[in-house]
**Student:** 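Can you read through this structure? Questions will come right after.
For the numbers below, each heavy atom of this structure counts, side chains included, while hydrogens, waters and symmetry mates do not. Every value quoted in this text rests on a predicted model; they were computed, and no experiment measured them.
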Amino acid sequence: MRKMFMVGLLVLIFAGCTTSKRSVFLTVPPAGSAEQEQIDLAALEEKYQKYDGVYLLLENTYEHVGNKENLLQGYGVAGSWNYYHIRKEKYVLFNPDNQRLSTFRIRLGKYDVLENIYLRITYPDGQVKQYGRADLTLKTDSYGSKDFTFIYPNVRKGVIIEEGFSVTYTALNHFPPLEYDIPLQFPIPCEKVSLSFAYPDWWKIKAKKIAEKDTIPYRVRREKENRKIIITYEAEYVPAIQREPYSPFFKEVADYFEFMITQLQMLSFKFKRARTWADLMDGLRKEHMNKDGFLSTHVKKTTEEIIESKTTLADRLDTIITYLQENIEVSDPWDRRNFKAILKDKKGSLIRINGLAHSMLTKAGIDAQYLLVHSAKNGYFDKDYVNSSQFDVPAIGAIIDGERYVVFPYLKIPLGFIPEYLQGQPAVGITDKKTSKAVEFWEVPKVSRRHNTVDEYYDLTIDEDGLITVKEEKVLRGSDAFSVREKLADLNDEEIEDLMEELLTYTDGEVKLSAYEVVNREAFKKPLSITLEYSIDNLVSVLPDEVIFQTGGLFSPISGVKFKLDTEERQNPIKIYYDELFNKHIIIRFPAGRQISTPLSDVQFENIFGSIRGTYQVESGLLKVEQERLLKRSSEPKEKIGELLEITGAHSQLAIPSFVFQVKEIGAVDEQD
Amino acid sequence: MTSFRRCFPVIRPAPLQLFFYSLFCLLLCSPLFADQADVSYSRIITFEVKENRDGSYRLTSTVAVKQSYLSERSTKENFFRFSEPFFAKVTKVSGKFRNKKLKRRDHYSENAEHPDVFISDAKIHTVMFPDDIRQGETIYYQYKQEFSDIAFFPVLHVPDIDELQEFRVTIKHPKNIRVDFDVFFTRDSIPYQIDRSRAKETVLIFRKIPAQKELPYFPFNGSHASILTTLMKNGQPVTPTTPPKFLEWYAGKVNLKPAVNEELLQLLSERFTADQSEKEKLRIIHDYVRKNIRYIADEREGHAYSPRSPEFTLNNGYGDCKDRVYLVSALAAEQGIEVKMALVSTKPLPGLRGVHATLFNHVICMYEDSGKPLFFDPTARYYEFGNLPEYLVGAKTFILEPGNPRWISIEAPNHRPSLEIDITGSLDSPKSGAAKIVLRNGLFSDALRAKEKLSGVRLENALIALITSNIHKISLEHFSFTGESDTSLTLSAQADISKFIISSSAKTYIPQTPFLTVDSDILERENDPYPLYIPYRRALILRMDLAAPGLKAGAQQLRIGEDQSNFFASEITPQDRNRVEILYQFMQNFKFFSGDAKGRFLNFCKQYLQSKKKMFVLTRSKS
């Protein structure tokens with residue numbers, strides 16, 4: 001009886017388990033087996049000659065294995081949840097010097113197990129060599145991380161390399177990823193790409209769309225005996241993805257598969273992802289809002305002190321955000337200082353500084369929301385894919401007199417300026433009210449052109465002997481001002497002078513910087529102005545009856561691209577993220593006895609990407625030049641690249657390499673050899 | 001000795017130099033290097049030398065660093081890195097801040113990664129301090145090193161850090177050991193003390209050295225001095241710093257006459273004939289190795305210094321510089337030709353009198369051609385036999401020749417101009433000229449690489465960057481390859497000289513100086529007494545044969561430079577039938593300039609820059 005009871009108990013314990021068994025294994029080809037498939041190396045080389053190699057196959061399989069429940073549950077996930085990654089590659093190598101392709105490397109964590117591996121190289125003469133785990137070199141570091149490496153022998157053009165490995169991760173030591181973001185296009189072409197994700201059939205997953213009506217086309221099948229659902233994606237002849245100027249971000253043009261597990265149970269570990277944005281944002285509210293400090297009034301007092309004399313809400317917004325931008329330093333992301341401590345220590349994590357800003361604005365009577373902004377770098381925004389990975393940039397949204405502001409309290413940028421990859425993007429916003437779980441979707445404003453305008457003023461005086469004195473002022477806004485301010489941060493006087501010398505427009509002549517001034521270095525709400533005064537000694541040739549002025553870099557930087565772009569083989573569409581205006585205001589003063597003989601005619605040109613304009617006005621002893629290049633926010637097909645180059649190309653109509661002045665009277669001359 | 005290999009184009013510092021490199025990256029190359037001191041820095045190194053029963057020696061050291069933060073901006077620097085080369089195992093890393101010891105988790109080590117090395121035994125250690133360091137506070141850290149061989153007693157560098165409070169080296173040694181220091185000052189000599197008051201201890205101390213401003217065109221920025229330590233016992237060197245001792249030490253690790261096996265004998269046998277000269281045979285071997293052995297450095301198990309066997313390199317088809325040189329030596333030996341290994345640094349060496357393994361970062365081949373050394377580098381894949389990459393020209397190399405180890409400076413190989421451009425066209429239509437371009441030496445090598453690896457617009461852009469970066473306002477494009485020899489590549493291109501030529505109604509002007517070979521920042525070095533170093537030499541020729549209808553020109557010329565080593569010359573010569581020929585030549589034959597030579601060279605540069613406004617004048621005929 002007792003025996004039967006024990007047997008019954010064991011049956012209950014083990015038979016009662018819901019187990020998703022492993023269904024995918026790495027098959028290691030038998031060593032010495034010859035290449036079966038006939039591969040036309042010459043045809044492949046002809047087709048893909050400009051690449052270092054071509055993948056014939058690239059296959060990734062991810063699989064989760066374990067128990068949903070059993071009678072012994074309550075002991076976490078230890079020992080019951082493993083996950084596996086199997087990767088298989090087969091490629092033809094055209095460039096043996098490409099070390100990435102002619103070697104093997106895999107890095108694993110301390111507890112991750114390289115379960116199985118084969119490496120195989122087939123030489124153009126048909127000879128095959130195969131290697132296994134024993135052939136790998138293993139190096140570990142102080143964390144116990146493992147670095148397995150192998151160098152393929154005798155690699156030469158046309159070798160075929162096959163790699164396959166499987167790695168086991170245990171949930172106890174390496175918590176499994178619950179979301180995946182897998183690129184499906186690579187730096188070299190791929191003739192066949194395959195991706196599988198196998199998971200217990202009681203889990204639920206969701207895939208993100210990559211375009212409005214477009215999800216990566218995957219198939220779903222069930223394996224009842226293994227309690228498994230397997231989703232599979234396959235594609236053929238996938239072109240390489242290349243970086244090109246004026247291109248969209250990777251996820252805006254390339255294929256990738258982003259999906260997440262929305263619901264699972266593995267023994268006592270139960271997980272259910274927020275189903276709505278409101279639920280998701282509630283977590284953020286709990287974690288990073290209402291953190292003034294227990295019974296603390298410090299945030300309130302500080303806010304009141306700051307806005308004491310500010311009567312309008314717009315002024316208060318400006319004052320509070322400026323205060324935080326100027327006084328609080330961004331620390332590590334895991335810094336959990338509360339708002340009082342942030343104000344006191346003048347340091348806090350980016351996400352908490354944003355929470356502090358929200359708290360202060362609300363106390364100042366402003367209708368503010370804590371925003372998370374989607375970045376263009378993340379590709380298409382799928383509203384049905386509720387995951388914080390879609391919104392990775394915190395910001396504050398404020399509504400004042402019906403006008404919407406999106407501001408960044410942790411970035412030293414003026415109100416109204418928004419980084420280009422966030423402009424026009426969606427954002428999700430919440431308030432700190434625990435009672436209201438509602439979220440609001442915002443569209444981040446597109447920044448007006450004034451934020452991306454560069455003005456350069458040049459006042460040049462050419463004296464009788466050809467010495468040029470220059471007063472140059474650069475007025476920078478938006479991203480340009482931000483990046484120069486970043487460079488200036490923490491520099492001492494000597495280092496600033498070195499930087500100023502780098503900023504000089506003239507590079508051709510013998511230049512002596514005599515004075516410089518940086519205005520609004522800290523006042524980042526205002527344009528950054530840099531004034532440089534210098535002389536140039538060897539750009540003017542004074543001849544008996546004519547004077548030649550070689551313009552150095554004065555008229556050339558208005559061109560945007562200094563190298564050729566491939567107009568025929570361009571792969572990516574054209575994307576310009578924001579309007580950009582570049583103005584040059586040039587005054588050239590020269591002795592009255594000289595007259596410009598170089599023909600100057602005004603330039604005006606316009607197309608879908610923008611315009612260029614140049615006007616020249618000659619007076620006695622004076623030449624006034626106004627140049628302008630406007631690049632407009634655009635999204636155009638790749639075939640239009642030629643038109644873009646008419647605005648940005650190296651052969652700009654605005655370029656004037658030299659001027660000739662006629663000497664009207666006999667003057668001092670620099671006689672030539 | 002550093003790993004003897006070179007990966008194009010990155011120059012890897014020696015393992016010991018890596019230590020300083022890490023430190024310099026953090027301290028010197030950061031904004032902290034400035035007029036007002038940001039940090040006060042001390043480094044105390046204590047070496048202990050013990051004699052083993054078998055007469056060999058054991059070397060350990062303790063390195064202790066103290067840094068005080070003098071400015072607000074310096075407080076952001078809260079972590080420090082140092083390297084663990086394969087020959088000096090690091091243990092007992094510790095740190096102290098605010099009277100508390102750092103926790104174990106504040107120190108970690110990683111496998112060293114370098115783009116030039118695929119696998120090595122080196123490690124990088126990091127010591128982390130809290131991120132709230134305040135001005136006026138001080139951090140301390142220290143670690144121990146156990147050296148695998150006393151030969152690796154390191155060359156020490158006195159770092160040029162803000163305010164160097166103290167640099168102290170204490171060597172504890174047996175009574176019968178004499179310690180000497182060979183000190184090379186990178187600029188002016190700095191007072192230092194050597195204390196030998198204790199029989200078993202020798203101490204070298206530098207104190208309170210202010211920072212020096214970084215100089216352009218100067219090879220020793222970042223260091224006040226380099227120190228080579230020599231240990232002697234009864235007049236005999238313990239550390240192998242003399243040429244014979246160094247050779248003896250290295251030969252104890254590597255058979256300098258690599259064995260030849262049957263496979264090697266077979267390898268190139270069909271390519272050799274009895275009537276070939278030794279140089280012809282060496283060219284075949286050099287070409288085989290540079291073209292067929294791919295560059296991968298596997299430095300495990302002491303292979304940072306000793307090459308793998310020729311069989312290994314041959315069978316696996318890869319290796320680093322020393323592996324290739326060793327293979328070449330073996331293949332040459334099979335033909336009865338002696339090729340020696342030559343250790344070299346691709347960066348200027350400090351002027352120390354002795355030899356040390358870590359002074360070198362590359363190995364090349366040396367063959368004696370009728371008593372004259374002929375160097376070749378089988379790692380430089382795109383350099384033909386007898387030619388050398390520019391970074392080797394003028395370098396001091398140590399020849400590992402049994403019985404005759406010695407230093408030799410590498411002379412420039414027969415150096416024809418690297419760039420010759422011939423442009424034909426008309427001043428009437430300056431946008432549509434034709435150019436013939438011949439590339440040699442480094443430009444030949446770079447163009448060959450581009451030709452092999454790139455196509456289409458990428459190749460065109462690479463060639464534009466390579467060629468037109470040398471010339472001013474002359475545009476060359478639509479390149480096509482028209483010829484290739486062992487030493488040169490010939491291309492044709494469209495030439496646009498419309499921005500180079502300046503025209504008015506009465507005259508046409510042609511600049512007398514077209515080359516972008518002198519930067520004005522070199523003149524910053526006019527007022528200091530230190531040597532000038534330019535990493536590359538130049539030899540450029542530009543010829544123009546231009547139709548000049550309706551224009552008249554007399555012969556005009558410009559010449560700058562007093563000797564054949566550095567000069568520029570240009571001249572215009574009228575030809576028949578309304579044509580003019582213009583010839584420009586630029587030559588800079590040396591890389592190091594000191595004393596009077598420096599003054600002459602800077603004067604040459606100044607004159608060249610001032611001549612940028614000089615023009616050849618062509619006058620329009622009144623008819």
Side-chain angles (χ1 to χ4, degrees), chain A residues 49-50 52 95-97 99 102-103 105 137 139-143 145 147 149 151-156 331-332 345 347 466 490-495 501 508-511 537-543 545-546 548 550 563-569 597-598 651 655 657-658 660 662 670 672-673, chain B residues 31 34-36 73 76 107-111 118-119 121 123 125 131-132 213 292 294-296 298 300 315-318 381 453-458 460-461 464-465 472-473 477 498-500 502-507 509 511-512 520 523 556-558 606 609-617:
Chain A
Q49 56 179 312
K50 68 176 185 173
D52 284 355
N95 175 14
D97 292 332
Q99 192 167 294
S102 70
T103 59
R105 167 164 264 153
T137 299
K139 294 262 164 202
T140 54
D141 64 16
S142 64
Y143 293 116
S145 299
D147 190 9
T149 49
I151 303 169
Y152 289 105
N154 271 321
V155 168
R156 45 190 180 264
S331 62
D332 304 326
D345 301 343
K347 195 181 270 187
D490 283 339
L491 297 191
N492 66 17
D493 292 347
E494 186 189 333
E495 292 157 354
E501 283 174 359
D508 281 359
E510 193 183 329
V511 181
D537 193 20
N538 53 355
L539 281 182
V540 176
S541 310
V542 181
L543 301 158
D545 47 3
E546 288 185 316
I548 299 159
Q550 299 186 67
F563 47 86
K564 284 187 164 189
L565 295 183
D566 197 333
T567 49
E568 286 168 16
E569 293 182 34
S597 63
T598 302
H651 300 296
S658 54
V660 177
Q662 264 189 338
D670 177 10
Q672 296 303 295
D673 296 349
Chain B
D35 267 357
Q36 302 141 329
R73 65 179 187 154
K76 290 176 184 165
H107 158 245
Y108 60 90
S109 68
E110 300 157 287
N111 298 321
F118 185 63
I119 323 175
D121 289 331
K123 287 183 176 170
H125 293 259
D131 66 353
D132 61 346
K213 186 174 163 51
N292 291 285
R294 72 193 201 275
Y295 185 91
I296 293 185
D298 177 356
R300 289 169 300 142
N315 290 337
N316 290 282
Y318 67 83
R381 177 165 177 180
K453 310 281 182 204
L454 305 172
S455 61
V457 165
R458 284 166 204 265
E460 177 89 357
N461 277 329
I464 288 172
H472 188 47
K473 291 184 179 173
E477 55 184 10
S498 61
K499 288 179 181 151
F500 183 65
I502 302 158
S503 292
S504 71
S505 55
K507 290 175 181 169
Y509 301 96
Q512 294 187 4
S520 57
L523 300 181
Q556 303 159 57
Q557 65 173 352
L558 170 69
K606 195 169 191 173
L609 289 167
Q610 285 170 345
S611 300
K612 280 194 159 186
K613 59 186 175 184
K614 293 189 173 174
M615 302 282 167
F616 293 127
V617 184

**Student:** For the atom pair OG (A/Ser597) and NZ (B/Lys507), what is the distance rounded to the nearest 0.5 Å?
**Tutor:** 11.0 Å

**Student:** Minimum heavy-atom separation for A/Asp97 and B/Lys453, please, with both atom names.
**Tutor:** OD2-NZ, 3.1 Å

**Student:** So what's closer than 4.5 Å to chain A heavy atoms on B/Tyr509: side chain, backbone, both or neither?
**Tutor:** side chain

**Student:** State whether the side chain of A/Gln662 and the backbone N or O of B/Ser504 hold a donor-acceptor pair below 3.5 Å, judged by distance alone.
**Tutor:** no

**Student:** Any chance you could measure A/Ser142, atom OG, to B/Lys123, atom NZ, to the nearest 0.5 Å?
**Tutor:** 8.0 Å

**Student:** Can you tell which part of B/Tyr108 gets under 4.5 Å to a heavy atom of chain A, answering side chain, backbone, both or neither?
**Tutor:** both

**Student:** Tell me the closest heavy-atom pair linking B/Ser503 and A/Val660, and the distance in Å.
**Tutor:** O-CG2, 4.0 Å

**Student:** Give, as side chain, backbone, both or neither, the part of B/Asn315 having an atom under 4.5 angstrom from any heavy atom of chain A.
**Tutor:** backbone

**Student:** Run the side-chain contact (heavy atoms from CB on, under 4.5 Å) test on A/Val542 and B/Lys613 for me, step by step, so that the C-alpha distance in whole Å, both residues' side-chain angles and the decisive distance to 0.1 Å come before the verdict.
**Tutor:** CA-CA 8 Å; A/Val542 181; B/Lys613 59 186 175 184; over 6 Å; no

**Student:** If I compare all heavy atoms of B/Lys76 with all of A/Asp490, which pair ends up nearest, and what's the gap?
**Tutor:** NZ-OD2, 2.5 Å

**Student:** Work out which heavy atom in A/Gln99 is nearest to a heavy atom in B/Tyr295; give both atom names and the distance.
**Tutor:** OE1-O, 3.9 Å

**Student:** Between A/Gln49 and chain B, which part of the residue has a heavy atom less than 4.5 Å away: side chain, backbone, both or neither?
**Tutor:** neither

**Student:** B/Lys213 and A/Glu495: salt bridge (Lys or Arg N to Asp or Glu O under 4.0 Å), yes or no, with the steps?
**Tutor:** CA-CA 11 Å; B/Lys213 186 174 163 51; A/Glu495 292 157 354; over 6 Å; no

**Student:** Closer than 3.5 angstrom, by distance alone: can the side chain of A/Lys139 be matched with the main-chain N or O of B/Asn111 as a donor-acceptor pair?
**Tutor:** no

**Student:** Counting only non-hydrogen atoms closer than 4.5 Å, does B/Leu523 touch chain A with its backbone (N, CA, C, O), its side chain (CB onward), both, or neither?
**Tutor:** side chain

**Student:** Using ring pair (Phe, Tyr, Trp, His ring centres under 6.0 Å) as the criterion, list what pairs up with B/His107, not counting sequence neighbours.
**Tutor:** B/His125

**Student:** I need the residue from A/Thr598, A/Asp345, A/Val155 with the largest number of non-hydrogen atom pairs under 4.5 Å to chain B.
**Tutor:** A/Val155

**Student:** Considering only heavy atoms, which portion of B/Ser455 lies under 4.5 Å from any heavy atom of chain A: side chain, backbone, both, or neither?
**Tutor:** side chain

**Student:** Do B/Arg294 and A/Tyr152 form a cation-pi contact, if we require the NZ or CZ to be under 6.0 Å from the six-membered ring centre and within 45 degrees of the ring's axis?
**Tutor:** no

**Student:** Looking only at heavy atoms, what is the nearest atom pair of A/Gln550 and B/Lys473, with distance?
**Tutor:** OE1-NZ, 3.5 Å

**Student:** Enter the distance from A/Ile151:CD1 to B/Asp298:CG here, rounded to the nearest 0.5 Å.
**Tutor:** 4.5 Å

**Student:** Is there a side-chain contact (heavy atoms from CB on, under 4.5 Å) between A/Glu546 and B/Val617? Walk through the geometry before answering.
**Tutor:** CA-CA 11 Å; A/Glu546 288 185 316; B/Val617 184; over 6 Å; no

**Student:** Using side-chain heavy atoms (C-beta onward) and a distance below 4.5 Å, is B/Lys612 in contact with A/Leu539?
**Tutor:** no

**Student:** Measure across B/Arg300 and A/Thr137 and return the closest heavy-atom pair with its distance rounded to 0.1 Å.
**Tutor:** NH1-OG1, 3.1 Å

**Student:** Taking the side chain as everything from C-beta on, heavy atoms only, tell me whether A/Val511 gets closer than 4.5 Å to B/Ser520.
**Tutor:** no

**Student:** Could you grab the distance from atom OG of A/Ser331 to atom CG of B/Asp131, nearest 0.5 Å is fine?
**Tutor:** 7.0 Å

**Student:** Please check: side-chain N/O of A/Arg105 versus main-chain N/O of B/Phe118, any donor-acceptor pairing under 3.5 Å?
**Tutor:** yes

**Student:** Restricting to side-chain hydrogen bond (donor to acceptor under 3.5 Å, both in side chains), what partner residues turn up for A/Thr103, sequence neighbours left out?
**Tutor:** none

**Student:** Go through B/Asp121, B/Asp132, B/Asn292 and name the one with the most non-hydrogen pairs under 4.5 angstrom from chain A.
**Tutor:** B/Asp121

**Student:** At a heavy-atom separation under 4.5 Å, does A/Ser145 approach chain B through its side chain, its backbone, both, or neither?
**Tutor:** neither

**Student:** Check whether any side-chain heavy atom of B/Asn316 lies under 4.5 Å from a side-chain heavy atom of A/Asn154, and answer yes or no.
**Tutor:** no

